Amino acid sequence: MLKKVRIFDLQVGMYIVDTGLSWLDHPYLYAEEGPIRSEEHIREVRAGGFAEAFIETDRNLHNEASARIYDRAAIEKAVNEALRDGAGTFRSNKSSALADELPVALAVQGKALAALGRAMEAVASGGTIDPGPCLESARDIAASVTRNRDALICLTKHHDAGSYSVRHGVGVAVAAAAFGDSLGLSRNQVTDLTVAGLLHDVGKALSPGDLLDKPGRLTDEEYARLKRHPVESCSVISGCMTLPEHVLRGIAEHHERHDGSGYPQGLKGAEQCFHGRLLAVADVFDALTQVRPYKERLLPDKALSVMYSMREKDFGQALLDRFIKCLGIYPAGSLVRLSTGEHAVVCQSNPDTPLRPKITIVFDQDMSPVHPVSMDLSGKDGPAPATPVNIVGIVDPRPHGISARHLL
């Protein structure tokens, strides 16, 4: 199980895990993977100015090969708590079938990537953002997730081309919109949240490129420069469009943290606005699951496991539980391995049973194609397996030359 600890709580034998969190957002996180071998090792880490690290509690100096970053039991507990405590407050949406929504969502995604790309280029060159395309894209994203949030979530997890900053902005907009819709926000409220997600990082275009792409830890001066980007985003946006105060405040506070360790104001708990809290969760999830400069992406189940280990520190637990339920451990388009050894693509989430989505078996144990067989692992809507079948985990389709999205 993952656990976030203070550097001064490190002990010889603990195993440090590189969770994939970006050093741009977590510059004081020690992430050199491996066991703590000596007191001298601990002194060197402390001398480096690091403040926190993630350890794998089931892995230590003597069993380095027993990695288990993904804690299925912890995630199942979070989902069950969200289902119990959030009864009646979680909205499902399937008014449009996934097969029908995917081509629409693909066009929406393409327009949003283009609009944000032009906006970032304009800011970087000293110009102003054309608000029309960005606002239109936000409305389109909100409309799509309201019809069927699986479609855009699937597409953002299978799009690796182009600038990370642009992909990330669209990914955060989609995740935030889906989360807001699942919580029962109105269409206008979801649109406001989508605008904030899409434009939350435009201020980064004002930072030097070599700072954003630096393949190493930031100095204190460099980190101080980077921490200005939420406020700079608000300043850039306010110069070219009029947005509600809660949208701008959400953008300004998307790096604040539940325990007060965030920036730029160090807000704690409920001091961080609602939009800021939702954006903070969406921002970290998308960053972990995107291909980034100098960081490989994590698969969604492992990303959620990392985030679950940050509960009550970076995120409030109740909100994080509901985010896990919203996305499901296995988002649509995920290639998963079953307890039977077969491989399937997730074709629809089941919000009321997030661990048991609808799937289509497409490969056997050796990844050889088989005649597709569709089933609902929950047994509530459509054919269920004759004997219990569980998902063991998500499989990265890229090494196999497979596009899970195309299997849908």
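Because the structure is a prediction, the values reported are computed rather than measured.
Glu101 and Ser144 share a donor-acceptor pair across their side chains, judged by distance under 3.5 Å alone. Side-chain polar atoms of Gln290 and Arg167 form a donor-acceptor pair below 3.5 angstrom. Side-chain polar atoms of His258 and Asp314 form no donor-acceptor pair below 3.5 angstrom. Counting only N and O atoms by type, the side chains of Asn148 and Ser96 include no donor and acceptor under 3.5 Å apart. One side chain, Tyr28 or Asp220, offers a donor N or O that lies under 3.5 Å from an acceptor on the other. For Asp259 and Ser261, the side-chain atoms include at least one donor-acceptor pair closer than 3.5 Å. For Glu342 and Thr340, the side-chain atoms include at least one donor-acceptor pair closer than 3.5 Å.
One finds no salt bridge joining Glu222 and Arg225 here, because no Lys/Arg side-chain nitrogen approaches an Asp/Glu carboxylate oxygen to under 4.0 Å. One finds a salt bridge joining Lys111 and Asp140 here, because a Lys/Arg side-chain nitrogen approaches an Asp/Glu carboxylate oxygen to under 4.0 Å. Using a cut-off of 4.0 Å between Lys/Arg side-chain N and Asp/Glu carboxylate O, Glu52 and Lys4 are scored as salt-bridged. Ion pairing of Asp286 with Lys157 is present here, as a side-chain N (NZ or NE/NH1/NH2) and a carboxylate O approach within less than 4.0 Å.
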Which pairs of donor and acceptor atoms, one on a side chain in residues 240-250, lie under 3.5 Å apart (sequence neighbours left out)?
unit_1	atom_1	unit_2	atom_2	d
His246	NE2	Asp192	OD2	2.9
Arg249	NE	Glu253	OE2	2.6
Arg249	NH2	Glu271	O	3.0

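When side chains are defined from C-beta on, Arg149 counts as touching Cys326, because their heavy atoms get closer than 4.5 Å. With a 4.5 Å cut-off on side-chain heavy atoms, Leu377 and Pro357 count as touching. A heavy-atom distance below 4.5 Å is found between the side chains of His255 and Asp283. A heavy-atom distance below 4.5 Å is not found between the side chains of Thr19 and Glu56.
By the 6.0 Å and 45° rule, Arg277 does not stack over the aromatic ring of Phe274.
With hydrogens and angles disregarded, no donor-acceptor distance shorter than 3.5 Å links the side chain of Thr360 to the backbone of Ser374. In this structure, the side chain of Gln189 engages the main chain of Ser186 through a donor-acceptor pair within 3.5 Å. A donor-acceptor pair is defined here as one N or O able to donate and one able to accept, closer than 3.5 Å; no such pair exists between the side chain of Arg228 and the backbone of Ala224. When atom types are taken as modelled, the side chain of Ser233 and the backbone of Gly203 share a donor-acceptor pair closer than 3.5 angstrom.
In plain terms, the two heavy atoms of Ile16 and Ala53 that are nearest each other are CD1-CB, 3.9 Å.
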